[in-house]
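What follows is a short report on a single structure.
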Amino acid sequence: MNENNPVITTENLHKRYGRTAALQGISCQFPRGKITGLIGPNGSGKSTLLKLIMGLIKADRGSLNIMGHPPGRKNKANIAFLPEINNLYRSMSLQELIDLYHSQFSTFCPETARELLSFMNLQPEKTVKQLSKGMVGRFKLILTMARRVPLILLDEPLTGIDIKSRSNILEGLISKFNPEEQTIILSTHEIIETERYFDHVIFLEDGAVSLQGDADDLRAEYGQSIQELAKEVFV
Amino acid sequence: MRSWSRLFIKDLKGQLFLLVFAVLLNLAWQFFLYTRYGNWPGELAAGLGFLPFFFLPLLMLITGYQSFREEWRDETIYFLLSLPRPGWFLALSKFAAAITSFLGISLLGALFLYLFHHQKLLALMDYPQAPPAETTLKIMALVALGYLAVAINFFILGQFSYLVSKIFNRGRWLISIVVFFGSGYILQRLALTLAPVFGWVPPLSFKVEGVMNGQPMTTSLQVDSGPFLAGFLILGVFFFLGSWILENYLEV
């Protein structure tokens with residue numbers, strides 16, 4: 001049922017930045033209600049694809065269908081996006097940012113945000129500029145996961161977070177994931193910590209899909225883990 | 001409404017430093033001039049008191065230009081463009097915040113002028129009696145309205161020129177300058193062309209009463225509404241065009 005009704009479908013998607021081709025004809029489907037790992041080395045087009053889905057950039061060619069609509073304002077209310085960069089207002093406190101998100105997104109749940117804030121050991125009165133890179137990463141995750149939306153896009157969510165805490169944080173966040181109503185697309189090149197959460201995997205290389213499929217099927221077919229498979233694909 | 005007001009408060013807080021800085025600078029300037037009475041010709045000290053008001057529209061131009069430039073520079077544009085809101089909604093909160101700051105700086109500037117120079121000016125004018133307060137207020141209101149119109153004009157065209165320049169990858173400064181002056185020219189030409197359309201709107205009339213050389217004086221001012229209304233209409237078009245570019249054309 002999920003594969004017949006994908007949450008996102010892309011066809012022959014192209015995107016250039018000046019002379020650099022970021023996406024070169026991507027065609028893929030993201031199954032509904034699953035966690036899809038978007039895997040690829042730096043510059044493979046992962047962030048570009050997520051930004052296209054979020055409507056933050058425009059495709060040069062090809063089509064993109066998100067929950068039955070093209071990218072745009074209508075979709076933005078239904079997508080929570082965690083970008084790789086720090087997109088937070090530096091002078092605002094964490095509490096102010098939670099209030100700001102609450103005022104902008106009807107899907108934002110401040111109780112969940114406060115609960116996650118405590119789980120991540122972050123103090124709401126601190127401002128963003130007082131936080132370390134890892135703390136900013138955690139807080140961005142909180143703001144994203146506190147939204148009850150059908151589609152969650154996480155672009156390199158573990159950037160800056162220390163290796164020791166990653167597993168614990170991922171566990172806590174995935175516990176908020178509701179596969180009946182939500183879909184997660186997680187872009188990463190750090191597969192060790194995230195592999196076990198993937199239901200579906202799309203490998204990107206040089207702006208094109210090099211391999212895609214159900215994570216378990218790929219493991220069975222190639223007889224190796226997704227991490228080992230990635231090493232082979234990206235050699 | 002709540003979502004807009006939160007954005008407005010955020011944008012207003014973003015201008016707080018500029019607001020405080022401009023007010024303190026003006027205060028220091030007026031105090032300095034106040035200490036110059038007796039050393040400098042009184043007319044010079046009093047006249048220079050108005051100097052900060054000439055810079056405020058320029059400040060609005062810079063604020064308009066920077067309003068979205070800062071969002072791109074700080075990468076907070078990722079947040080703004082992720083919001084399920086139309087472009088005008090985002091641009092309007094910045095506009096309202098800038099106008100609020102402008103009014104704050106201007107009103108405090110007028111207060112400083114009054115406190116530091118009013119009595120000195122009256123003494124310089126050698127009036128047998130002070131002009132009625134109502135006259136002073138009328139003149140000030142008229143000047144303030146024109147001044148506000150200039151500020152709004154500068155802000156919107158500044159913001160528009162930045163948003164247009166952002167479409168291009170190179171030569172943004174040059175494009176901004178060309179778009180600013182070009183849109184200003186188009187605004188002026190179109191306002192004059194469209195003015196007759198608003199011929200049915202009654203003119204703005206002002207009657208100013210005062211004292212000149214010891215004699216009572218009445219001056220009637222009449223300003224055609226047409227060019228102003230047409231100008232504001234076209235300015236609105238530039239505002240919405242910029243907002244449309246922001247929402248539909250620009251990328252993070």
Side-chain angles (χ1 to χ4, degrees), chain A residues 15-20 22 47-48 50-60 69-93 96-108 127-129 136 140 143-144 147 149 151 153 155, chain B residues 1-21 66-94 97 163 166-172 240 243-252:
Chain A
K15 177 67 185 173
R16 293 187 75 87
Y17 293 112
R19 289 180 184 175
T20 311
S47 297
T48 301
L50 293 185
K51 282 190 254 182
L52 275 169
I53 294 169
M54 190 61 217
L56 297 175
I57 56 174
K58 276 83 188 166
D60 299 329
H69 300 283
R73 201 199 314 159
K74 277 184 186 170
N75 275 325
K76 285 178 182 175
N78 295 320
I79 308 175
F81 175 53
L82 179 147
E84 191 181 5
I85 51 93
N86 180 1
N87 64 333
L88 306 173
Y89 291 95
R90 316 297 195 269
S91 59
M92 290 176 90
S93 72
E96 282 174 325
L97 278 162
I98 287 174
D99 292 341
L100 181 65
Y101 270 65
H102 184 40
S103 70
Q104 300 306 317
F105 300 107
S106 56
T107 50
F108 188 83
T127 60
V128 174
K129 62 185 165 199
V136 169
K140 279 175 13 189
L143 291 176
T144 310
R147 284 182 64 195
V149 284
L151 182 58
L153 310 176
D155 190 6
Chain B
M1 190 59 199
R2 181 171 163 261
S3 63
W4 187 84
S5 61
R6 288 295 307 189
L7 282 180
F8 168 70
I9 290 166
K10 168 190 79 64
D11 289 328
L12 196 59
K13 278 185 179 171
Q15 295 199 350
L16 201 61
F17 175 77
L18 181 73
L19 200 148
V20 171
F21 179 75
Q66 291 282 51
S67 58
F68 282 107
R69 187 167 180 259
E70 282 174 354
E71 302 280 357
W72 256 280
R73 188 197 59 201
D74 299 341
E75 297 184 306
T76 46
I77 193 68
Y78 277 77
F79 165 73
L80 276 190
L81 293 184
S82 297
L83 297 177
R85 307 271 177 256
W88 64 262
F89 189 93
L90 309 176
L92 191 65
S93 85
K94 294 198 174 293
L163 291 171
K166 194 72 188 150
I167 295 172
F168 303 92
N169 291 324
R170 289 181 182 181
R172 284 189 185 140
F240 281 102
S243 305
W244 183 85
I245 290 170
L246 172 70
E247 186 186 344
N248 298 293
Y249 220 83
L250 297 184
E251 300 185 339
V252 292

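Per chain, numbering begins at 1; letters A, B, ... match sequence-line order. Just the heavy atoms: all of them, side chains too, but no hydrogens, waters or symmetry mates, feed the values below. If you're wondering where the values come from, they're calculated on a predicted model, not measured in any experiment.
- To the nearest 0.5 angstrom, B:D74 atom CG is 10.0 Å from A:I85 atom CD1.
- Counting non-hydrogen atoms of other residues, nucleotides and ligands closer than 6.0 Å to OH of A:Y17 gives a total above 12.
- With a 4.5 angstrom heavy-atom cutoff, A:L100 touches chain B via backbone and side-chain atoms both.
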Test side-chain contact (heavy atoms from CB on, under 4.5 Å) on A:H102 and B:R6; report intermediate values, then the result. CA-CA 10 Å; A:H102 184 40; B:R6 288 295 307 189; over 6 Å; no
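- Of residues 7-18 of chain B, those residues with a non-hydrogen atom less than 4.5 Å from any non-hydrogen atom of chain A are, in numerical order, B:L7, B:K10, B:K13.
- A heavy-atom distance below 4.5 Å is found between the side chains of B:T76 and A:R90.
- Counting only residues at least two apart or on different chains, the side chain to side chain donor-acceptor pair (under 3.5 Å) pairs with a member in residues 72-86 of chain A are A:R73-B:E247.
- Remark: B:E251 engages A:K15 in a salt bridge (charged side-chain N to carboxylate O under 4.0 Å, His left out) (not counting sequence neighbours).
- Note: A:F105 and B:F79 have perpendicular aromatic rings, judged against thresholds of 30 and 60 degrees for the angle between ring planes.
- Every residue was checked against the ring pair (Phe, Tyr, Trp, His ring centres under 6.0 Å) condition with B:F68, not counting sequence neighbours, and none meets it.
- Interface summary for chain B: among A:I79, A:D99, A:L143, the most heavy-atom pairs under 4.5 angstrom belong to A:D99.
- Contacts between A:F81 and chain B at a heavy-atom distance below 4.5 Å involve the side chain alone, from C-beta outward.
- Counting non-hydrogen atoms of other residues, nucleotides and ligands closer than 6.0 Å to CZ of B:R2 gives a total above 12.
- The most heavy-atom pairs under 4.5 Å with chain A, out of B:I77, B:N248, B:N169, come from B:N248.
- The closest donor-acceptor contact from the side chain of A:Q104 to the backbone of B:S3 lies under 3.5 Å.
- A donor and an acceptor atom, one from each side chain of A:K58 and B:Y249, are nowhere located under 3.5 Å apart.
- A:A77 and B:P84 get closest at one heavy-atom pair: N-CB, 3.7 Å.
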